> 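Can you keep this structure in mind? I'll have questions shortly.
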Amino acid sequence: MLAAVFAAALVSAPLPPDDITRNVLVDVCLPFVNGDSDRAAVEFLGFTVASEDGAVVDMVSSDERQAYLLRLAGDDDAEDGEVRRTCTLQARGAALDTVKRAIRQPLEQAGFTAEPVEAANRLIWTRQGVTVSVRQSEGRATVVRVSYSSLEAGG
């Protein structure tokens with residue numbers, strides 16, 4: 001009985017911001033931009049659909065304290081043959097340094113290369129047509145944007 005109560009407490013406890021950010025990057029954004037549209041990970045992480053308009057899906061986290069916004073947008077243009085997909089995570093309660101630390105190791109392990117950036121409030125990683133950028137405007141939420149372009153992958 002005590003084990004069941006403890007397990008339920010672990011499941012219901014909100015994840016720290018670095019864990020949520022890392023999990024969204026690894027389990028949602030990277031698979032999405034590479035063509036995997038399974039929403040099981042999104043639901044597991046506690047996101048619910050706020051709106052859906054064609055190939056754009058906006059979601060919100062169920063944890064009101066941390067207030068994460070997630071947008072999945074795909075554009076597989078049959079006319080010009082270009083494929084573009086974007087996953088944007090707005091971490092309203094996570095500091096820029098926390099988000100940077102959360103994504104650095106998974107990106108390095110996946111073979112991404114950090115691009116030189118002069119701005120202290122911005123970080124960019126790339127690999128085979130996938131670009132991961134992290135930025136924060138003064139007084140604003142930290143934003144992680146993962147995008148894929150078939151034109152960048154081919155060039």
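When reading the values below, keep in mind they use all heavy atoms of this one structure, side chains included, and skip hydrogens, waters and symmetry mates. Keep in mind it's a predicted model, so treat the numbers as computed, not measured.
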> Tell me whether L89 is reachable from V56 by hopping between hydrophobic residues (I, L, V, M, F, W, Y) whose side-chain heavy atoms are closer than 4.5 Å.
no

> State, with a plain yes or no, whether a side-chain heavy atom of V60 is found less than 4.5 Å away from one of Y68.
no

> By side chain to side chain donor-acceptor pair (under 3.5 Å), which residues pair with R104, not counting sequence neighbours?
none

> Which side-chain N or O atoms in residues 105-117 pair as donor and acceptor under 3.5 Å with protein atoms at least two apart or in another chain?
{"residue": "E115", "atom": "OE2", "partner": "T126", "partner atom": "OG1", "Å": "2.7"}

> Where do V143 and T88 land on the side-chain contact (heavy atoms from CB on, under 4.5 Å) test, with the steps shown first?
CA-CA 7 Å; V143 176; T88 306; 3.7 Å; yes

> Are E52 and R39 within salt-bridge range, i.e. N to O under 4.0 Å?
yes

> Which residues satisfy the side chain to side chain donor-acceptor pair (under 3.5 Å) test with S51, sequence neighbours excluded?
D58

> What distance do S150 atom OG and R85 atom CZ have between them, rounded to the nearest 0.5 Å?
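That separation rounds to 8.5 Å.
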
> Distance check, rounded to the nearest 0.5 Å: L70 atom CG versus F47 atom CZ?
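These two atoms lie 5.0 Å from each other.
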
> Is there side-chain contact between R122 and S133, with at least one heavy-atom pair below 4.5 Å?
yes

> Just how far is it from atom OG1 of T142 to atom CD of Q136, taken to the nearest 0.5 Å?
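Answer rounded to 0.5 Å: 3.5 Å.
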
> Roughly how far, to the nearest 0.5 Å, is CG of N34 from SG of C29?
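C29 atom SG to N34 atom CG measures 11.0 Å (nearest 0.5 Å).
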
> Rounded to the nearest 0.5 Å, what separates atom CD1 in I103 from atom OG1 in T21?
8.5 Å

> Just so I know, are the side chains of L45 and V24 near enough to count as touching, which here means a heavy-atom distance under 4.5 Å?
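They are in contact (side-chain heavy atoms under 4.5 Å apart), so the answer is yes.
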
> So, for A55 and G74, which heavy atoms are closest and what is the spacing to 0.1 Å?
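Where A55 meets G74 most closely, the heavy atoms are CB-O, 2.9 Å.
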
> Using side-chain heavy atoms (C-beta onward) and a distance below 4.5 Å, is L72 in contact with M59?
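The answer is yes, as the side chains (C-beta and beyond) meet within the 4.5 Å cut-off.
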
> Do T86 and R145 have side chains that approach each other closer than 4.5 Å (heavy atoms only, starting at C-beta)?
yes

> Are Y148 and V83 close enough that some pair of their side-chain heavy atoms sits under 4.5 Å apart?
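In short, these two side chains touch, coming nearer than 4.5 Å.
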
> By the definition side-chain contact (heavy atoms from CB on, under 4.5 Å), identify the one residue from L25, I124, V99 that meets it with V134.
V99

> Determine whether R71 and V57 satisfy the following criterion, side-chain contact (heavy atoms from CB on, under 4.5 Å), listing intermediate values before the conclusion.
CA-CA 6 Å; R71 172 175 274 187; V57 181; over 6 Å; no

> Mind listing the closest non-hydrogen atom pair of V28 and A41 along with its distance?
CG2-CB, 4.0 Å

> Distance check, rounded to the nearest 0.5 Å: I20 atom CD1 versus S61 atom OG?
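With rounding to 0.5 Å, CD1 (I20) is 6.5 Å from OG (S61).
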
